[in-house]
Number of protein chains: 2
Amino acid sequence: MPIVSSRSYHHGDLRAELLRHAEALLRRAGVDGLSLRQLARDTGVSHAAPSRHFRDKQALLDALAVAGFERLGETFEEAAATGTLLDRLRAMARAYLRFAIDNPALLALMFARKHRQTPAIEEAVTHAFATPFSMIADGQARGEVVPGDPRRICLSAVAALQGLAAFVGSGFIPAEEADSLFEETVTHLLDGLRPRR
Amino acid sequence: MPIVSSRSYHHGDLRAELLRHAEALLRRAGVDGLSLRQLARDTGVSHAAPSRHFRDKQALLDALAVAGFERLGETFEEAAATGTLLDRLRAMARAYLRFAIDNPALLALMFARKHRQTPAIEEAVTHAFATPFSMIADGQARGEVVPGDPRRICLSAVAALQGLAAFVGSGFIPAEEADSLFEETVTHLLDGLRPRR
DNA sequence: ACCTGAACACCGTTCAAGT
DNA sequence: ACCTGAACACCGTTCAAGT
């Protein structure tokens with residue numbers, strides 16, 4: 001008789017364990033190598049067991065994306081902990097690119113879903129980008145950032161980084177060039193945020 | 001006895017026909033819906049026939065990517081046909097975003113291959129971006145564009161557009177917002193290209 | 001040279017059956 | 001409630017065989 005009611009019969013928490021193995025499988029085999037059956041094998045359950053926790057494969061991918069956005073949001077919070085406004089914006093940009101380079105398959109998953117705009121994902125996205133969003137809004141209130149819809153400003157800045165990250169992650173930009181191109185891009189972005197006087 | 005030696009036994013040119021159907025299938029079913037067997041069915045050949053023309057599925061995807069870069073390069077050339085330098089750069093940026101929105105699955109294919117850096121693909125990429133590249137180099141020669149490695153300038157500009165296009169294509173940015181965000185981004189990019197005086 | 005049909009190992013999904 | 005095993009329809013790849 002289990003003490004914690006959420007614990008399953010055979011495993012501690014199969015859902016969490018599946019997610020953990022799925023992240024590892026995604027990392028080492030890519031999106032194409034991430035199969036439910038391989039995941040079941042890695043986790044040591046029958047191939048039909050995951051369906052109890054994820055209705056279908058897309059539900060698993062959605063859950064991975066949510067977890068990814070949560071991790072990304074945490075790195076944003078850490079990056080924005082100290083320093084001047086420009087320091088923190090720069091640190092967040094750096095954290096974003098590092099996340100993209102360290103988790104290329106996960107990042108692709110997070111942004112390559114045209115379908116299934118789950119409320120859970122929307123909430124995770126909003127929460128993840130809350131830090132840079134409020135950073136920009138605060139900067140505007142103090143006159144240190146150019147005026148305009150902070151959501152749009154945040155979006156276009158992240159888009160520029162996203163493109164760079166995608167190019168680096170896909171091998172389109174060689175790793176040697178990534179750092180200096182990143183510095184250029186960030187300098188350029190921060191320059192664009194600075195109010196004209 | 002066929003007149004043209006490249007013509008196959010049963011079809012005019014099965015390779016070209018496969019590519020044609022593959023593009024259509026990719027467009028209507030996405031990357032996940034693009035299977036060799038469905039493609040064979042669409043083309044009216046046995047499921048093993050494509051393997052004569054494409055060693056494996058990746059080879060088909062590579063060929064689709066090459067065709068995509070060729071099409072993209074053509075739209076760049078058209079966009080850069082007339083107008084001032086800024087007009088042509090703006091037109092190329094617009095053409096890029098339009099291509100991205102009209103061919104989201106193809107664009108994802110073109111840039112999401114970490115593996116198989118084929119010479120054919122590298123050549124197609126270089127050729128496709130030759131127009132914006134030389135446009136920037138020309139602008140520098142005439143003092144109308146900020147100095148610096150034209151390849152890097154081209155790369156970071158395309159990356160910014162790529163990120164925006166990816167966000168729009170994935171439904172991350174609603175279609176209503178795409179145009180105005182694009183205008184803002186392009187204005188910002190062109191502003192960055194203008195030499196300080 | 002080019003295509004077919006059968007074969008193999010894999011996959012996602014479903015569902016009756018077990019505990 | 002949770003998991004298993006069998007079943008089904010699909011897939012990529014290979015290969016002997018046909019024309």
Side-chain angles (χ1 to χ4, degrees), chain A residues 1-22 24-26 28-65 105 109 112-113 115-116 118, chain B residues 1-22 24-26 28-65 105 109 112-113 115-116 118:
Chain A
M1 182 165 148
I3 301 174
V4 181
S5 66
S6 77
R7 298 213 152 200
S8 79
Y9 186 56
H10 287 103
H11 300 87
D13 184 350
L14 183 54
R15 198 193 125 94
E17 207 168 343
L18 285 169
L19 269 179
R20 198 167 57 79
H21 281 99
L25 183 53
L26 176 66
R28 78 167 188 276
V31 187
D32 294 339
L34 178 59
S35 83
L36 287 175
R37 291 178 101 110
Q38 183 60 51
L39 173 59
R41 263 176 253 128
D42 289 358
T43 316
V45 292
S46 82
H47 67 263
S51 72
R52 290 287 136 188
H53 300 276
F54 303 101
R55 191 210 311 270
D56 52 20
K57 189 175 183 180
Q58 187 59 47
L60 172 69
L61 299 182
D62 289 350
L64 280 174
L109 209 75
R113 308 144 301 97
H115 26 261
R116 206 80 74 93
T118 311
Chain B
M1 182 168 146
I3 301 175
V4 181
S5 66
S6 76
R7 299 212 150 200
S8 78
Y9 186 55
H10 287 104
H11 301 85
D13 186 350
L14 183 55
R15 199 192 124 94
E17 207 167 344
L18 285 169
L19 270 179
R20 198 167 57 78
H21 281 100
L25 182 55
L26 176 66
R28 78 166 188 275
V31 187
D32 295 338
L34 179 58
S35 84
L36 286 175
R37 291 178 102 109
Q38 183 60 51
L39 173 60
R41 264 176 252 129
D42 289 357
T43 315
V45 292
S46 82
H47 69 262
S51 72
R52 290 288 136 187
H53 300 276
F54 303 101
R55 193 208 314 266
D56 53 20
K57 189 175 183 179
Q58 187 60 46
L60 172 69
L61 299 182
D62 288 351
L64 280 175
L109 208 75
R113 308 144 300 96
H115 28 259
R116 205 79 73 93
T118 312

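Here is how names work: the chains are called A, B, and so on, in the same order as the sequence lines, proteins then strands, and each is numbered from 1.
Following rounding to the nearest Å, A:Gln58 (CD) and C:dG12 (P) show an atom-to-atom distance of 12 Å. At whole-Å resolution of the value, CG in B:Asp56 and C1' in D:dC11 are 14 Å apart. The interatomic distance linking B:Arg55 (CZ) with D:dT13 (C1') rounds to 13 Å, in whole Å. Atom pair B:Arg15:CZ and C:dA1:P shows a separation of 18 Å (rounding to whole Å applied). Separating the CZ atom of B:Phe54 from the P atom of D:dT14 is a distance of 16 Å, rounded to the nearest angstrom. As a whole-Å value, the separation of A:Arg52 CZ from C:dT13 P is 14 Å. The distance between atom NZ of A:Lys57 and atom C1' of D:dC11, rounded to the nearest whole Å, is 12 Å. Rounded to a whole Å, the CG atom of B:Leu36 is 16 Å from the C1' atom of C:dT4.
The nearest pair of heavy atoms linking A:Glu17 to A:Thr43 is CG-CG2, 4.1 Å. Taking both residues in full, the closest heavy atoms of B:Phe54 and B:Ala63 are given as CE2-CB, 3.7 Å, listed atom of the first, atom of the second, then distance. Residues A:Leu36 and A:Pro50 approach most closely at O-CG, 4.4 Å, considering heavy atoms. When all heavy atoms of A:Ala22 and A:Leu39 are compared, the pair lying nearest together is N-CD1, 3.5 Å. Closest heavy-atom contact between B:Asp42 and B:His21: O-NE2, 3.6 Å. Shown here for B:Leu14 and B:Ala49, the closest heavy-atom pair between the two residues is CD2-CB, 4.3 Å.
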B/S/- along nucleotides 5-10 of chain C (protein heavy atoms under 4.0 Å) is BBB---

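Taken to the nearest 0.5 Å, the CG atom of A:Asp62 stands 4.0 Å off from the OG1 atom of A:Thr118. The line from OG of B:Ser46 to CZ of B:Arg37 is 9.5 Å long, rounded to the nearest 0.5 Å.
In this structure, the side chains of A:Leu18 and A:Arg15 stay at 4.5 Å or more apart for every pair of heavy atoms.
The shortest distance between the side-chain N/O atoms of B:His53 and the OP1/OP2 oxygens of C:dC2 is not below 4.0 Å.
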Bracket string, DNA chain C, 5' to 3' - pairs by Watson-Crick or G-U geometry under 3.5 Å, | interstrand:
||.|||||...|||||.||

